[in-house]
2 protein chains.
Amino acid sequence: MLSKKTKYGLKALTYLASMDGKEPVQIAEIAKHENISQKFLESILLTLRRNGFLGSKKGKGGGYYLIREPHEILMTSVIRVLEGPIAMVPCVSLNFYEKCDDCPDENKCSVHKLMLQVRDSALEVYRNNTLADLIS
Amino acid sequence: MLSKKTKYGLKALTYLASMDGKEPVQIAEIAKHENISQKFLESILLTLRRNGFLGSKKGKGGGYYLIREPHEILMTSVIRVLEGPIAMVPCVSLNFYEKCDDCPDENKCSVHKLMLQVRDSALEVYRNNTLADLIS
DNA sequence: TAATTCCCTATCGATTTAATAGGAATTTCA
DNA sequence: TGAAATTCCTATTAAATCGATAGGGAATTA
């Protein structure tokens, strides 16, 4: 299940991308437009800023804005920052690999085999979608 | 993230399929072989039986066994029973559809658009894999 | 009748999630 | 210079979910 954090983050990014200008947009405006709890959105935007997706400006006329072009922002990176691993089990994760406690041999594991395919198919989707693709 | 329930359920099914014979296999044997908490596995096998994947026999020499051929058991149905929806958001789910509270128009929603693709790619994997495919 | 094995419900502890609270820091502008 | 606007940051909480455990009941076998 996709977390609300990721869902809201994607919606906020899309909203900012659709604004297009580099004018800062206030949290309150995004929250209202997308029906998101303002305080919750606040923490999400902070994460996106700390991870290099957004810039911010304080004080009157302040807000958040994209610091990269929408077509440069891959869904793989957004998902990894907001949601974490794309893989459904750590033993097939590229960026968050972990060995399973129970499994003596990954290569013989049926779950591993299946989830490898699922990961690859999800990766292909995320790699083929940038923020720009989500707008139109 | 894939739940342990699903992971263990898949491992148990694979083990039963690899036995091949219609001889009942005891919970304890599966649990030991796959390093799973026996009591937890018990409840999982019960779910699989109630959903038409397994048969069972009580008393000495009892246990669980597959009641369909491995190549007839699609991953779509196993996943839906153990894990629930394949979709990452209810608004793109085929079998567990639900409207989003916040979203006024699904067709304009960027998250919807992305998650539709993710669902389709996952579905394709699950539809192309039967229990038989996981064994070899 | 005793042993074996699955059947069933309830409960628990830990973790995660979504949201809230409350104020600090910075910037703008009158 | 000071008040308003806005982001920044940490802590807390309520609810849900997950993985596991407990404890006995019911059926089957020998």
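Every chain is numbered from 1 and lettered A, B, ... according to where its sequence line falls, protein lines coming before strand lines. Only this structure's heavy atoms are used, side chains among them; waters, hydrogens and symmetry mates stay out.
- Atom P of nucleotide dA14(D) and atom CZ of F40(A) are separated by 17 Å, given to the nearest angstrom.
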Note to self: Before you tell me yes or no, could you show the steps for Q117(A) and D120(A) under side-chain contact (heavy atoms from CB on, under 4.5 Å), namely the whole-Å CA-CA distance, both residues' side-chain angles and the distance that decides it to 0.1 Å?
What the structure shows: CA-CA 5 Å; Q117(A) 296 175 55; D120(A) 284 339; 5.8 Å; no
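- Residue contacts shown for I27(B) are limited to sugar-phosphate atoms, with no base heavy atom under 4.0 Å away.
- Under 3.5 Å, the side chains of S93(B) and E98(B) contain no donor-acceptor pair of N or O atoms.
- Per the geometry, CG belonging to L54(B) stands 18 Å off P belonging to dT5(C), to the nearest Å.
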Check: Just by protein heavy atoms under 4.0 Å, how would nucleotides 23-30 of chain D read 5' to 3' in B, S and -?
Finding: BB--SBS-
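- Remark: P of dA18(C) and CG of N35(A) are 17 Å apart, rounded to the nearest angstrom.
- Atoms CD and SG, from E34(A) and C103(B) in turn, are 8.0 Å apart once rounded to the nearest 0.5 Å.
- Checking the phosphate oxygens (OP1, OP2) of dT5(C), no side-chain nitrogen or oxygen of S56(B) falls inside 4.0 Å.
- Atom pair L45(A):CG and dC8(D):P shows a separation of 9 Å (rounding to whole Å applied).
- Rounded to whole Å, atom P of dG19(D) lies 10 Å from atom NZ of K7(B).
- Taking atom CG of L48(B) as the reference point, atom C1' of dC7(C) lies 15 Å away to the nearest angstrom.
- The distance between atom CD of Q26(A) and atom C1' of dT27(C), rounded to the nearest whole Å, is 13 Å.
- A heavy-atom distance below 4.0 Å to DNA chain C is reached by none of the residues of residues 84-104 of chain B.
- Here dA5(D) presents its P atom at 19 Å from OH of Y64(A), a figure rounded to the nearest Å.
- The distance from the CD1 atom of I73(B) to the NE2 atom of H71(B) is 9.5 Å, given to the nearest 0.5 Å.
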